[in-house]
There are 2 protein chains.
Amino acid sequence: MLENRAGEIDPNTESKIKNAARRVFHQKGFSATRTRDIAEEAGINLALLNYYFRSKKKLFEIIMFETMFGFMQNMLVVFNDEKTSLLEKTELMAEKYTEMILKEPQVPLFILSELRDNASDFLEKLPMANIIMESVFIKQIKDEIAAGNIKEINPLQFIINLLGLVIFPFVASPLIYKIGSLSTKDFELLMQERKKMIPIWIKSMFYKS
Amino acid sequence: MLENRAGEIDPNTESKIKNAARRVFHQKGFSATRTRDIAEEAGINLALLNYYFRSKKKLFEIIMFETMFGFMQNMLVVFNDEKTSLLEKTELMAEKYTEMILKEPQVPLFILSELRDNASDFLEKLPMANIIMESVFIKQIKDEIAAGNIKEINPLQFIINLLGLVIFPFVASPLIYKIGSLSTKDFELLMQERKKMIPIWIKSMFYKS
DNA sequence: AAATGAATTAATCAAATGATTAAAACATAA
DNA sequence: TTATGTTTTAATCATTTGATTAATTCATTT
């Protein structure tokens, strides 16, 4: 049986194209991706891409939306859990997000670089602003500040630091590989260490000692 | 007198093209940039781009190299100052880098997204690895660990966190604007606050209390 | 087996895009 | 002013690229 580059076992043509498109778009971004790249990666005739998805842009929008949605979902679930404490949430975020990104390390840079152009207003289509700033997570930060357990700070700084500590090394990975002369395994171990350390770092940063 | 889009007062044609190319490449990246975009931005005839710079790729390599060099230079100067302490270096980094990036906020994402492809091995051409890991900065981290002032940690984690705290909000700015419903002024104030806080956060993270 | 609609292919199209050319405009030196 | 080399322009080229078409193959139903 013929396999495409991902070694998929006979998904239907539409799925093959979508999966190939996801891989290529994630790797190279919209502008650097040629529809012929996707067709080759999927092992299908070029015309089938348009047959199933109308256009490169439409296909991209599907991939972009699914990618962003998957990326946000994890965060929102953790942020809105009524049962976990603020520190537990930072632990869950560091844990889950690191694991998720390790499986597809190119996704954060893909999302951020595509958002730069912002042409298609993807952020408008996802209800981001309200949902995050009105989350249990933000409420808990404010409560801890009010209770005197956390230093006075804009909750947005808390979020930026948490996301930054988790996401930044992946976005800057070529730089970090180079600076540290790292192998793939080295890098992964470094991220595993961060998974444990980030909650501790966050605690040190924001909590009164 | 005719002005181009940047309102430059009559620099020579070569400079006009280079400056326009810098703006457009920084904004859209290599692949999404059309040579006609640059020509229009510079207010010159398309053929002049090839006359002065041979090709889009050659022009891009000049811009990429200059941009990366400018970005690294600041860091290396601070990192290798024999006179400043480790904490003073974090203060200088937060201060200088934030100010630098605020002037051209799109540069970090430009560099990181272009490094992703890595086709041209820009990192090989800049002597990164040795120079950073053998800097005074790294030496001071090791010394502080040996002296028992800093918790046991891979110095690379120190660098990742420092760079991440400074750079990440700019790389993720569309997201942060949205999450916080920020105006440009709001965002700038937030970064000003970070400029002050980052050294304190770093100290809290790594120094024994 | 024949008929019908869906899926696939090779060939082709039109627009976009990087680059070149030949002529014109301009500046400078003799 | 004329001659010479440089800069600029409009037009054009060749290739790339997203998309379409018409024909063929395949699968399903009758």
Side-chain angles (χ1 to χ4, degrees), chain A residues 1-6 8-65 110 113-114 117 119-120, chain B residues 1-6 8-65 110 113-114 117 119-120:
Chain A
M1 168 168 300
L2 207 66
E3 289 182 4
N4 65 14
R5 290 197 179 166
E8 293 161 334
I9 309 294
D10 190 35
N12 59 50
T13 302
E14 192 172 339
S15 297
K16 278 198 285 189
I17 297 172
K18 227 172 91 172
N19 292 337
R22 184 177 295 109
R23 292 191 296 275
V24 180
F25 280 140
H26 282 184
Q27 178 62 39
K28 319 212 296 180
F30 177 79
S31 289
T33 294
R34 310 282 94 105
T35 52
R36 282 162 177 83
D37 299 338
I38 297 173
E40 193 189 355
E41 171 81 14
I44 53 100
N45 185 290
L46 174 61
L48 291 175
L49 189 151
N50 296 92
Y51 179 77
Y52 283 101
F53 296 95
R54 309 270 309 172
S55 72
K56 176 190 175 188
K57 188 146 177 283
K58 287 231 166 54
L59 176 53
F60 174 78
E61 279 166 0
I62 291 169
I63 299 300
M64 180 73 182
F65 188 85
F110 165 75
S113 59
E114 295 300 334
D117 314 338
S120 299
Chain B
M1 171 165 300
L2 208 63
E3 289 182 6
N4 65 13
R5 287 194 182 169
E8 293 160 335
I9 308 295
D10 187 35
N12 59 50
T13 302
E14 192 171 338
S15 296
K16 276 199 287 190
I17 296 171
K18 227 172 91 173
N19 292 336
R22 183 176 296 110
R23 291 192 295 275
V24 179
F25 280 138
H26 282 184
Q27 178 63 38
K28 320 212 296 180
F30 177 79
S31 289
T33 294
R34 309 283 93 105
T35 52
R36 283 163 177 81
D37 299 339
I38 297 173
E40 193 190 354
E41 171 80 14
I44 53 99
N45 184 290
L46 173 60
L48 290 176
L49 190 152
N50 297 92
Y51 178 78
Y52 282 102
F53 296 96
R54 310 270 310 170
S55 72
K56 178 191 176 188
K57 187 146 176 285
K58 286 231 165 54
L59 176 53
F60 174 78
E61 280 166 0
I62 291 169
I63 299 299
M64 181 71 181
F65 188 83
F110 165 75
S113 60
E114 296 299 335
D117 314 338
S120 298

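Letters A, B, ... mirror the listed sequences (proteins, then strands); counts begin at 1.
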Next item on the list: Please list, chain by chain and in numerical order, all residues satisfying ring pair (Phe, Tyr, Trp, His ring centres under 6.0 Å) with A/Phe30, sequence neighbours excluded.
Entry: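 A/Phe30 satisfies ring pair (Phe, Tyr, Trp, His ring centres under 6.0 Å) with A/Phe60 only.
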Margin query: Which residues pass the ring pair (Phe, Tyr, Trp, His ring centres under 6.0 Å) test with A/Phe53, not counting sequence neighbours?
Written below: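 A/Phe53 satisfies ring pair (Phe, Tyr, Trp, His ring centres under 6.0 Å) with no residue once adjacent residues are dropped.
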Notebook entry, point to check: Within less than 4.0 Å of OP1 or OP2 of C/dG18, is there a side-chain N or O belonging to B/Ser55?
Noted result: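 So the side-chain polar atoms of B/Ser55 never come under 4.0 Å of the phosphate oxygens OP1 or OP2 of C/dG18.
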Item checked: End axis versus end axis in the helix from C/dA1-D/dT30 to C/dA30-D/dT1, the angle rounded to 10°, five pairs used at each terminus -> 0°
Between [atom2] of [N] and [atom1] of [X], the distance in whole Å:
X: A/Phe60; N: D/dA19; atom1: CZ; atom2: C1'; result: 19 Å
X: A/Arg54; N: D/dT20; atom1: CZ; atom2: P; result: 7 Å
X: B/Leu59; N: C/dT17; atom1: CG; atom2: C1'; result: 15 Å
X: B/Lys57; N: C/dT17; atom1: NZ; atom2: C1'; result: 17 Å
X: B/Leu49; N: C/dG18; atom1: CG; atom2: P; result: 9 Å

Next item on the list: Using side chain to side chain donor-acceptor pair (under 3.5 Å) as the criterion, list what pairs up with A/Lys56, not counting sequence neighbours.
Entry: none
Check: Salt-bridged, A/Glu14 to A/Lys18, with N to O below 4.0 Å?
Finding: no
Check: Any idea which heavy atoms bring B/Leu46 and B/Ala39 closest together, and the distance?
Finding: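 Closest approach of B/Leu46 to B/Ala39, heavy atoms only: CA-CB, 3.8 Å.
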Notebook entry, point to check: Under a 4.5 Å cut-off applied to non-hydrogen side-chain atoms, are A/Phe25 and A/Leu59 in contact?
Noted result: yes
Next item on the list: For nucleotides 8-16 of chain D, just jot down a letter per nucleotide in 5' to 3' order: B, S or -, based on protein non-hydrogen atoms under 4.0 Å.
Entry: BBB------
Notebook entry, point to check: Which pairs with one or both residues in residues 42-51 of chain B pass salt bridge (Lys or Arg N to Asp or Glu O under 4.0 Å), sequence neighbours excluded?
Noted result: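 Non-adjacent pairs meeting salt bridge (Lys or Arg N to Asp or Glu O under 4.0 Å): zero.
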